[in-house]
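Quick note: numbers below take in every heavy atom, side chains included, and nothing from hydrogens, waters or symmetry partners. Small disclaimer: the values here were computed from a predicted structure and weren't measured.
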Amino acid sequence: MAANAIDQTRRMLSLVTYLRERPGARVGDVARAFGISEDELISDLDVLPMCGTSFRGGDLLDIDTDGDRIWWHNPDDVAEPLRLAADEATALLVAARAVATLPGLREGDREALLRATAKLETAAGEAAGASSRLSVTFESEGGVFADVDRAISERRRLWLRYYSPARDELTEREVDPIRLFAVGHTYMEGWCRLTEARRTFRLDRVAEIRLLDAPSAPPEIELRDLSEGLVQPSADDPEVMVEVGPAGRWVAEYYPHDSAEDLPDGGLRITLRTPSPSSLRRLALRLGQDGRIVAPTELAESARRAAREALAAYERGGEAGYGGGDAAGGPGAAGSAGPGGDR
């Protein structure tokens, strides 16, 4: 099982202190000290040189290894106390104040954040005054988060009107919430009473939400390990083949896949598995001329038909004096093309 990202982050923070005090430490000794394999340690060392005290590109950790020993070449250069520039302090203060207004934030966390913000304001001086003239407001997702968080803490069932992009429809359902988590977007995992199965719901696709008086009683199920991402295809899921041009190679980075074969034009032939092949029609619309679904045949034809219908809708919209951007696979449609969400 892959290491949990949070555990890896904690380990690397400790690793920085450990290596600073032990120049030229042996790889085997360090791996044993942290209870990990040498391969895991080398993986951490591949990440550390991209870290440092400034996101501006300087003051990064200069750490390398010859396979036997580990050397940190600039420990003194990055050891000075961190000093925030005016724009960095302003961005941090604005973000902190915005998070403190989230309706779903627990009161203890809110108080801790406000105390930290007050200390930062004192240290920031004039920059704090500039940040007070800026604000960020969280819209509907914050309210949905608050209702879900409350339902979990009070063990109450939820009623939802939810948009399912795979079927392009709004459905009404009752859900026993299990947990909230974030993987790119914020999600609720719960037991759906409509399907009598575990489902994952993206909060920004919840059109309406209401707490019910009925108690939440999801069956006892093992929580999924999300360290490798939200979507982890099964070997039993249907296989889909997609061919993309050079501009579509990002698909292999975004979608978990079984294989990616280079094509003569610089593109890729990607084989992947998904429990809902029809959801990839949106991917085909987003790719446009940069890619196409090859197999299965029925899905390829369905994607071509969806493209023709989208183009026709776009042309009708143009004649009426408005654009049909989402229908034609523009940014609005692309937002639903990701692998997550209710299936």
Enquirer: The test is side-chain contact (heavy atoms from CB on, under 4.5 Å); show your working for Leu41 and Phe34 and say whether it passes.
Expert: CA-CA 9 Å; Leu41 175 59; Phe34 282 83; 5.9 Å; no

Enquirer: Can you see which heavy atom on Ile152 is nearest to which on Pro177, and at what distance?
Expert: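 Residues Ile152 and Pro177, closest heavy atoms: CG1-CB, 3.8 Å.
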
Enquirer: Does Ile270 reach the side chain of Ser259, with side-chain heavy atoms less than 4.5 Å apart?
Expert: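 Sidechains of Ser259 and Ile270: no contact.
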
Enquirer: Could you check whether any side-chain heavy atom of Val144 comes within less than 4.5 Å of a side-chain heavy atom of Thr186, counting everything from C-beta outward?
Expert: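 Counting from C-beta outward, Val144 and Thr186 never come under 4.5 Å.
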
Enquirer: Considering only heavy atoms from C-beta outward, does the side chain of Val148 approach that of Val206 to under 4.5 Å?
Expert: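 Side-chain contact under 4.5 Å: no.
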
Enquirer: Hey, could you give me the CD1/CZ distance between Ile36 and Arg11, rounded to the nearest 0.5 Å?
Expert: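 The distance works out to 4.5 Å.
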
Enquirer: Between CD of Glu239 and CG of Leu272, what distance do you get to the nearest 0.5 Å?
Expert: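 So the gap between those two atoms works out to 8.5 Å.
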
Enquirer: For residues Trp159 and Arg173, determine if any side-chain heavy atom of one lies less than 4.5 Å from a side-chain heavy atom of the other.
Expert: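 Sidechains of Arg173 and Trp159: no contact.
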
Enquirer: Pair Val242, Val294 - check side-chain contact (heavy atoms from CB on, under 4.5 Å), show working.
Expert: CA-CA 5 Å; Val242 180; Val294 178; over 6 Å; no

Enquirer: Please check: side-chain N/O of Tyr162 versus main-chain N/O of Arg202, any donor-acceptor pairing under 3.5 Å?
Expert: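 Checked: pair present.
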
Enquirer: Salt bridge or not for Asp29 and Arg32, using N-O below 4.0 Å?
Expert: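 Salt bridge flag = yes for Arg32 with Asp29.
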
Enquirer: Do you know the tightest heavy-atom contact between Thr65 and Asp68?
Expert: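 Distance-wise, the nearest heavy atoms are OG1-N, 4.1 Å.
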
Enquirer: Mind running side-chain contact (heavy atoms from CB on, under 4.5 Å) on Ile209 and Met188 for me, showing each step along the way?
Expert: CA-CA 12 Å; Ile209 187 170; Met188 170 185 66; over 6 Å; no

Enquirer: Taking the basic N atoms (NZ, or NE/NH1/NH2) and the acidic carboxylate oxygens, is any pair closer than 4.0 Å for Glu301 and Arg308?
Expert: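 Salt bridge: yes.
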
Enquirer: Which heavy atom in Pro218 sits nearest to a heavy atom in Asp176, and how many Å separate them?
Expert: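 Pro218 and Asp176 have their closest heavy atoms at N-OD2, 3.7 Å.
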
Enquirer: Hey, does Trp72 have a side-chain heavy atom less than 4.5 Å from the side chain of Val16?
Expert: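 They are in contact (side-chain heavy atoms under 4.5 Å apart), so the answer is yes.
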
Enquirer: Taking the side chain as C-beta and beyond, is there a heavy-atom pair between Val27 and Ile70 under 4.5 Å?
Expert: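 Sidechains of Ile70 and Val27: in contact.
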
Enquirer: Could you tell me whether a side-chain N or O of Arg156 sits under 3.5 Å from a main-chain N or O of Leu212, the two making a donor and an acceptor?
Expert: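 Confirmed, Arg156 side chain pairs with Leu212 backbone.
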
Enquirer: Might you point out which heavy atoms bring Leu194 and Glu172 nearest each other, and give the distance in Å?
Expert: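 The answer is CD2-O, 4.0 Å.
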
Enquirer: Could you measure the distance from the CZ atom of Phe145 to the CG atom of Leu180? Nearest 0.5 Å is fine.
Expert: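 Answer for the CZ-CG pair, Phe145 versus Leu180, is 5.0 Å.
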
Enquirer: Salt bridge check: are Glu174 and Arg193 linked by an N-O gap of less than 4.0 Å?
Expert: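 Salt bridge between Glu174 and Arg193, a charged N being under 4.0 Å from a carboxylate O: no.
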
Enquirer: For Leu114, what are the other residues in its hydrophobic cluster, where any two members join if their side-chain heavy atoms are less than 4.5 angstrom apart?
Expert: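 ILVMFWY cluster around Leu114 holds nothing else.
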
Enquirer: To the nearest 0.5 angstrom, please state how far the CE atom of Met12 sits from the OG1 atom of Thr17.
Expert: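 Output value for this atom pair is 13.0 Å.
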
Enquirer: Please confirm whether the backbone N or O of Asp149 pairs with a side-chain atom of Ser153, one donor and one acceptor, at under 3.5 Å?
Expert: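 Flag set: sc Ser153 to bb Asp149 pair under 3.5 Å.
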
Enquirer: If you count every heavy atom of other residues, nucleotides or ligands that lies below 6.0 Å from Arg155 atom CZ, does the total exceed 12?
Expert: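 Atom CZ in Arg155 is not crowded, with 12 or fewer foreign heavy atoms closer than 6.0 Å.
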
Enquirer: Count I, L, V, M, F, W, Y as connected when their side-chain heavy atoms are under 4.5 Å apart, and connections chain through other members. Are Trp71 and Ile42 then in the same cluster?
Expert: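 No; Ile42 is not reachable from Trp71 via cluster members.
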
Enquirer: Using modelled atom types and a 3.5 Å cut-off, is there a donor and acceptor pairing between side-chain atoms of Arg199 and backbone atoms of Val175?
Expert: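 Side chain of Arg199 to backbone of Val175, a donor-acceptor pair under 3.5 Å: no, none is there.
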
Enquirer: Closest heavy-atom contact between Cys192 and Phe201?
Expert: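 For Cys192 versus Phe201, the nearest heavy atoms are CB-CZ, 4.2 Å.
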
Enquirer: Provide the closest heavy-atom pair for Val244 versus Gly248 in the form atom of the first, atom of the second, distance.
Expert: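 Scanning both residues, the minimum pair turns out to be CG2-O, 3.4 Å.
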
Enquirer: Working to the nearest 0.5 angstrom, can you tell me the gap between Asp44 CG and Leu19 CG?
Expert: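 The CG atom of Asp44 sits 10.0 Å away from the CG atom of Leu19.
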
Enquirer: Evaluate the side-chain proximity of Leu299 to Met241: yes if any heavy-atom separation is below 4.5 Å, no if none is.
Expert: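 In short, these two side chains do not touch, never coming nearer than 4.5 Å.
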
Enquirer: What's the verdict on side-chain contact (heavy atoms from CB on, under 4.5 Å) for Leu263 and Leu268, showing C-alpha distance, side-chain angles and the deciding distance?
Expert: CA-CA 5 Å; Leu263 296 175; Leu268 291 173; 5.6 Å; no

